[in-house]
Structure formats: structure tokens, C-alpha cells
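All remarks here apply to the structure that follows.
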Amino acid sequence: MTNDVSTPGDQAAEQNRREEQLIQRVLASFEATPNPRLRQLVQALTKHLHAFMREVRLTEHEWNGAIRFLSDAGHITDDKRQEFVLLSDVFGASMQMISMNNPLHGNATEATVLGPFFVNDAPEIRMGEDMSFGAAGEPCWITGSVFDVAGNPVPGARIEVWEADEDGFYDVQYRDDRTAARAHLIVPEDGEFRFWGLTPTPYPIPHDGPVGKLLELVERSPLRASHLHFLVEAPGYRTLITHIFVKGDELLTSDAVFGVQDSLIKEFTQHAAGSPTPDGRVLPDGATWSDVRFDIVLAPGESGGQRLTMS
Ligand code: BEZ
Ligand code: FE
């Protein structure tokens, strides 16, 4: 090989040849990978990584910055905080994964991100009970049903629900070990459920780390549209991880993690203080309340699939 190239055009062609040759050598280095799927993954990653670097003509300064960013993400990650999933969330990669792995199935309810605040072993509530457990916020009467795509109820389905309080915090973000605004309930024979929760309010994703800094640099808001999380599991059905969003919320079009699906936007009806509640619950003087209905349709499939993801 020689560096003896005479014109700028020749030099550019030689540069291009060398860049492409390097990619071919890296691809060849993976060729003997025994697992065909792993081989496909590492070779495709090589192609896309090099294509990205060449497309933007990445500088060494930028590459070092990216490595520093990933190192910072690693340093802030522990068993409670997962900055890499947050990174995947704000790039829409989490939603892309969810949509590719939960393909539309008839009228089955659509999935969205799990988020970092799901906790196993939330307390059980019975039908009509309150999952807020004293968390601050406007009471919300939530009713709905769990059916299969053929319209049959799914008794025994386990519904997990969790949400932030009106100050924008989940219980696990307080330092006092409280359990509030989360619960699970078991769907009865007729498939219908009802419980008290809180009217969802907006809150930011954790933005005190490298991902927050990135959002700041690109002038994007860390706020999520107001939502209430659901995880629904039943044997023989695809585990559904989803939220409901509040119709009219101005953040619906700018959700920080691209989690909003039109089919998940629900009408939360507001009720004036003093108006009677569906179950005769007496609310404190001056307390307004809301109600919403969420009819859930489960796709057939394997339960448990997505549950391992912590973000
Ligand atoms: C959440 O909904 O709680 C959430 C989702 C993704 C990233 C951060 C928070
Ligand atoms: Fe959330």
C-alpha cells in the first residue's frame, strides 16, 4: 500500500477505500462467530456504527465526549437507577423495542414503557379500595374491564397499578420507605374492576444525571405527559405493560420518552366538590374528584415477557 496519491480526488478515493476496507476487516473478524444470531447482531452493529461515524465525520473530540458520557451513565447506574434505559427511553429506542415486540393484535390494548418506578410485591387491594394509601392528589375513580380479543372476560388476571403523587414523585423517590400510590388487584369472574387512585399529574423523568444534561443541551423538556401505569398478567396472555393518559393534557405531544399512543388517551371526567361518588365514599370538604374508564383487551401469548426491564 502506498500514500503516493497525486490529486485531491485521488486522495479522497484512497481515504474512502481505506475506510471501507477497515469495515470489511472488522466484519470478517466476526465471521467465525458460532452463534448465527450473535454473528448477525455484531456484524450489523459494525456496519451501522461505522456508517454513523462516517456520515457525521465524527471528530476525536466528539468520540471522547461520547465515551465520557457513557462512563458517566455507568457511574450513576446502580440497582435503583438505570441511566442506560433512560437513555434508550429518550431516544425512542424503548418505544421502538416495545412496538416491534408487541405487534398490533386485533383490538388488543397497546403497550408503552415500563419506566423505572415499578416495584414487585405491591399490596393487594380489593375491588373499590384505594391504591393511593395516603399519597397526595385528587381522588380518581377508575373502572374498567379485562377481556380477551374474542370478548371473553379474563378472571384471575392480575392488575398492577402505580403512579406519581400530585407533587410528581413516586413513593420510592421518598427516603422513608413508604408504599403509596401502588397496588395490585385480581380481576373477578365478570372481568370488571374498580378502584380509587389519583388523577394523574405531569412529572419529569430523572434528569439530574447525564441524560438530563443531554436533554438540556438539546433544549428538550424532561416532562412526561400525565399518566397512570398498568401491568396486566394472566396465563396464556401476553403481559401488557401500559399507561393511560389524560385527554387534553398539553404534554401529550411532547412526552419525554415518546410513550403516548392515541388509543391510551382517556377522558378523565372532573366532578365538583360535594358531588356524590359512585360508591358513596365521603371525601373531605372541598375535595373535587375525577373518574375514568379503561377497558383492557389482552392479546394471546406468553405472560411475563417484558417484566424484567428496569429503567
Ligand atoms: C415513568 O413513567 O415513570 C418513566 C418512564 C420512562 C422513563 C422515566 C420515567
Ligand atoms: Fe410514570
Side-chain angles (χ1 to χ4, degrees), residues 73 76-99 101-102 109-120 122 131-133 135-138 140 142 159-174 178-184 197-216 218 220-232 239-247 249-261 264-266 268 292 294 306-311:
I76 204 171
T77 295
D78 59 22
D79 59 346
K80 294 218 164 65
R81 169 87 179 244
Q82 228 309 355
E83 198 73 0
F84 292 100
V85 180
L86 207 54
L87 185 59
S88 143
D89 293 342
V90 301
F91 270 90
S94 302
M95 273 312 285
Q96 194 69 274
M97 282 297 294
I98 288 163
S99 99
N101 289 283
N102 297 268
T109 304
E110 290 188 88
T112 186
V113 290
L114 175 64
F117 302 119
F118 173 74
V119 172
N120 280 309
M131 60 80 93
S132 72
F133 293 110
E138 179 185 68
C140 178
I142 298 143
I159 303 180
E160 302 272 355
V161 281
W162 68 105
E163 63 180 324
D165 65 19
E166 68 179 3
D167 297 315
F169 295 109
Y170 286 81
D171 53 0
V172 290
Q173 294 177 285
Y174 293 97
R178 73 182 71 174
T179 297
R182 72 175 67 247
H184 78 269
L198 301 172
T199 311
T201 47
Y203 65 89
I205 63 168
H207 59 113
D208 56 342
V211 169
K213 210 160 163 190
L214 175 65
L215 290 182
E216 212 177 291
V218 299
R220 262 177 58 182
S221 163
L223 285 176
R224 291 223 56 205
S226 309
H227 60 272
L228 166 61
H229 293 261
F230 281 78
L231 186 156
V232 188
T239 295
L240 173 67
I241 295 176
T242 196
H243 321 330
I244 51 173
F245 295 92
V246 180
K247 192 170 170 187
D249 180 356
E250 59 189 28
L251 293 168
L252 286 172
T253 52
S254 62
D255 184 50
V257 300
F258 308 96
V260 180
Q261 310 272 29
L264 300 175
I265 301 172
K266 303 293 169 194
F268 282 71
V292 66
F294 181 32
Q306 288 185 63
R307 211 170 160 170
L308 299 173
T309 322
M310 178 185 86
S311 62

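Here the structure is a predicted model, which is why all the values come from computation and not from measurement. Counting starts at 1 for both ligands and their atoms, following the listed order.
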Apex the Fe ion (ligand 2); atoms His229 NE2 and Tyr170 OH; angle rounded to 10 degrees: 90°
His227 N/O to ligand 1 N/O under 3.5 Å: yes
Within-cut-off N or O pair, His229 and ligand 1, under 3.5 Å: yes
Close side-chain approach of Arg178 and Phe133, heavy atoms under 4.5 Å: no
Heavy-atom side-chain proximity of Trp162 to Leu231 below 4.5 angstrom: yes
Option of least heavy-atom distance to atom 5 (C) of ligand 1 (set: Gly259, Pro206, Ser88, Gly115): Gly115
Residue selection (non-hydrogen contact nearest atom 8 (C) of ligand 1) among Ala164, Ala256, Pro116: Pro116
How close do [X] and [Y] get, counting heavy atoms only, and between which atoms?
X	Y	result
Asp165	Thr201	O-OG1, 3.4 Å
Cys140	Val292	SG-CG1, 4.0 Å
Ala73	Glu83	O-CB, 3.6 Å

I'd like to check which ligand 1 atoms, numbered from 1 as shown, lie under 4.0 Å from a non-hydrogen atom of [X].
X	value
Leu86	7 (C), 8 (C)
Phe117	3 (O)
Ile205	7 (C), 8 (C), 9 (C)
Tyr170	3 (O)
Arg224	1 (C), 2 (O), 4 (C), 5 (C)

Trp162, portion touching ligand 1 at heavy-atom distance under 4.0 Å: neither
Parallel, tilted or perpendicular: ring planes of Tyr203 versus Tyr170, cut at 30 and 60 degrees: perpendicular
2.8 Å cut-off met by an N, O or S atom of His243 to the Fe ion (ligand 2): no
side-chain hydrogen bond (donor to acceptor under 3.5 Å, both in side chains) partner of Arg224, chosen from Asp249, Asp89, Asp255: Asp255
For the Fe ion (ligand 2): the N/O/S atom of His227 at shortest distance: NE2
Glu163/Met131 under side chain to side chain contact (heavy atoms under 4.5 Å, CB included): CA gap, chis, key distance, verdict: CA-CA 10 Å; Glu163 63 180 324; Met131 60 80 93; 3.6 Å; yes
Intermediate values then yes/no, salt bridge (Lys or Arg N to Asp or Glu O under 4.0 Å), Arg81 and Asp208: CA-CA 11 Å; Arg81 169 87 179 244; Asp208 56 342; 2.8 Å; yes
